[in-house]
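This is a predicted model, so every value here is computed, not measured. When reading the values below, keep in mind they use all heavy atoms of this one structure, side chains included, and skip hydrogens, waters and symmetry mates.
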Amino acid sequence: MPTTPAVVLGAGIAGLLAAAVLARHPQVGEVTVVERDRLEPGPQPRRGLPQGQHAHVLMSSGARIIETLLPGTTDRWLAAGAHRIGLPDGYVMLLPAGWLPRWSSDHFVISCSRGLLDWVVRQQVLALPGVRLVDRTEATGLRGGRGRVTGVRVEDLDHGTGRTLEAGFVVDATGRGSRAPHWLRSLGAPPVVEDVVDSGLRYATRVFRAPAGAAHRFPIVNVQADPGQDRPGQTAALMPVEDGRWLVTLSGTRGGRPSADEREFVGFARGMRHPVVADLIADADPLGPVTVSNSTANRRRRFERLPGWPDGFVVLGDAVASYNPVYGHGMSVAAHGAAALGAALDGHGLRSGLARTVQRRIVATAAAAWDHATGTDVRFPGARGRPPGRAERALWRYQTRLMRTALDRPEVARQLVDVLTLSAPANRLVRPGIALATLLGPRRPAPDGPTFTAAERAMLSET
């Protein structure tokens, strides 16, 4: 059977998973992954990923898709030092409505540095037959016309030379900085509609040596912001990562942002709705400086609305929709996008219309993550974006009551976790049984303090 070459732009999670999907399909020949950054051996941070040194979790729905595409990946993560942490049993989390009760479920997150997460997936993908990586190379434009893309123009950044990679299928997974709207315009397409909601969030992250007794089997500790308060949204997240370390990320929206000053880090954490994270790191040994990032706006490009989408070209991952990283959805959305590409390939092959089918199918998961992130972010002081209308405000009131109810009613909490992990559609939360329980509200108050277990408190007392 004749095959056609494919090119994937971007070697992040979205691009690597797209390459894995393409490489296994019998109609696809060589898959070339083009990456602007130089990819060093080992789990190193990548310059082109501005949030790469901050807190990242991969939710169970995304991890399961990756395991299906690349069997053995989870074991490789864990062997390299990542943690598989149950959700919500492995979380000490202060939600806007109160402290989240902890119970066992089939949900989990993979907790490690972003460098480790990407490195393991990259090793798995580059071991597939027919996949090759070209780094320090930047895509500069598409070849073809408005009806079909036939390749991509690239430039070698070390030598300044350009060339064309011919391809029957091109995937843009270049992230937030994607130039796809400009490239499509150059082929004669109309402008791409773009939605932006920006809370002005800044991330500040520092890595600490975990106390000896709490280096393993320690929970993720998370203090979330409360958008119902008329104050900047501030969060603190402590994550166990590889090599016996705690990665701590603080964040704040306009009027309440953290700084890069190491002397202010613990004090900023102590000013949260609860000082639990500050208490945990007050005597911990820092292992480096504070890293700051401001690249946190929610941005969605409505590619699916363009008429006459060109065959042979798909946009995935953050290049379609990027979210405030504090909600932890980006990598799982990328995995769902790769799964949509795989399902469409299996059903349609490389026939005309495949790319448009994929572009439309990825909308649902991207929209669910978008609605969650922007519905919260737009409520903070100084947020920029379309102001909420009457329907949005009514939905906020329902969501606030639902969150409070979930802290007390397990049947509501389980459905909520399914939705927040992108394992179920958001409309599940308005089904009659859930809606009735929400309207009746909680029967008991939420816990009034952090929900550490006796074993976890003992870990801390060992230090």
Arg404, CZ: over 12 other non-hydrogen atoms inside 6.0 angstrom: no
Ring-face cation of Arg84 near Phe108 (centre distance under 6.0 Å, axis angle within 45°): yes
Assess, by modelled atom type and distance only, whether the side chains of Glu155 and Thr140 contain a donor and an acceptor separated by less than 3.5 Å. no
Trace of the side-chain contact (heavy atoms from CB on, under 4.5 Å) decision for Asp118 with Ile13: CA-CA 6 Å; Asp118 283 5; Ile13 290 293; 3.2 Å; yes
Below 4.0 angstrom, N of the basic side chain to O of the carboxylate: do Glu138 and Arg36 qualify? yes
Tell me whether Asp158 at atom CG has more than 12 heavy atoms from other residues, nucleotides or ligands lying less than 6.0 Å away. yes
Heavy atoms from other residues, nucleotides or ligands near CZ of Arg217 exceed 12 (cutoff 6.0 Å): no
Judged by atom type as modelled, is there a donor-acceptor pair below 3.5 Å linking the side chain of Thr249 to the main-chain atoms of Ala55? yes
To the nearest 0.5 Å, tell me how far Tyr91 OH sits from Arg102 CZ. 11.5 Å
Going by the side-chain contact (heavy atoms from CB on, under 4.5 Å) test, name the single residue among Val109, Asn222, Leu117, Ile85 that passes it with Val57. Val109
Please state whether the rings of His274 and Trp99 are parallel, tilted or perpendicular, taking 30° and 60° as the class boundaries. perpendicular
Expected output: side-chain Ser186 to main-chain Trp183 donor-acceptor under 3.5 Å: yes
Once rounded to the nearest 0.5 Å, what's the spacing between atom CD1 of Ile110 and atom CH2 of Trp77? 6.0 Å
Within the distance-only criterion (no hydrogens, no angle test), does the side chain of Asn324 pair as donor or acceptor with the backbone N or O of Asn298 below 3.5 angstrom? no
Scan side-chain atoms only and decide if Thr291 and Thr205 contain a donor-acceptor pair under the 3.5 Å cut-off. no
Regarding Ser178 and Asp172, do their side chains bring together a donor and an acceptor under 3.5 Å, going by distance alone? yes
Hey, is the main chain of Pro258 close enough, under 3.5 Å, to the side chain of Arg202 for a donor-acceptor pair? yes
Would a distance-only check, ignoring hydrogens and angles, find a side-chain to backbone donor-acceptor pair under 3.5 Å from His216 to Ala214? no
Please determine whether the number of non-hydrogen atoms from other residues, nucleotides or ligands lying under 6.0 Å from atom CZ of Arg384 exceeds 12. no
Whether the side chain of Thr421 engages the backbone of Ser61 through a donor-acceptor N/O pair (distance < 3.5 Å, no angle test) should be reported. no
Should the pair Arg386-Glu392 be classified as a salt bridge under the 4.0 Å nitrogen-to-oxygen rule? yes
Donor-acceptor contact below 3.5 Å, side chain Tyr327 vs main chain Leu420: no
I'd like to know if the side chain of Arg206 reaches the main chain of Gly288, judged simply by a donor and an acceptor atom lying under 3.5 Å from each other, with no hydrogens or angles considered. yes
Modelled atom types, side-chain donor and acceptor of Gln123 and Arg76, under 3.5 Å: no
Counting only N and O atoms by type, is there a donor-acceptor contact under 3.5 Å from the side chain of Arg300 to the main-chain atoms of Ala366? no
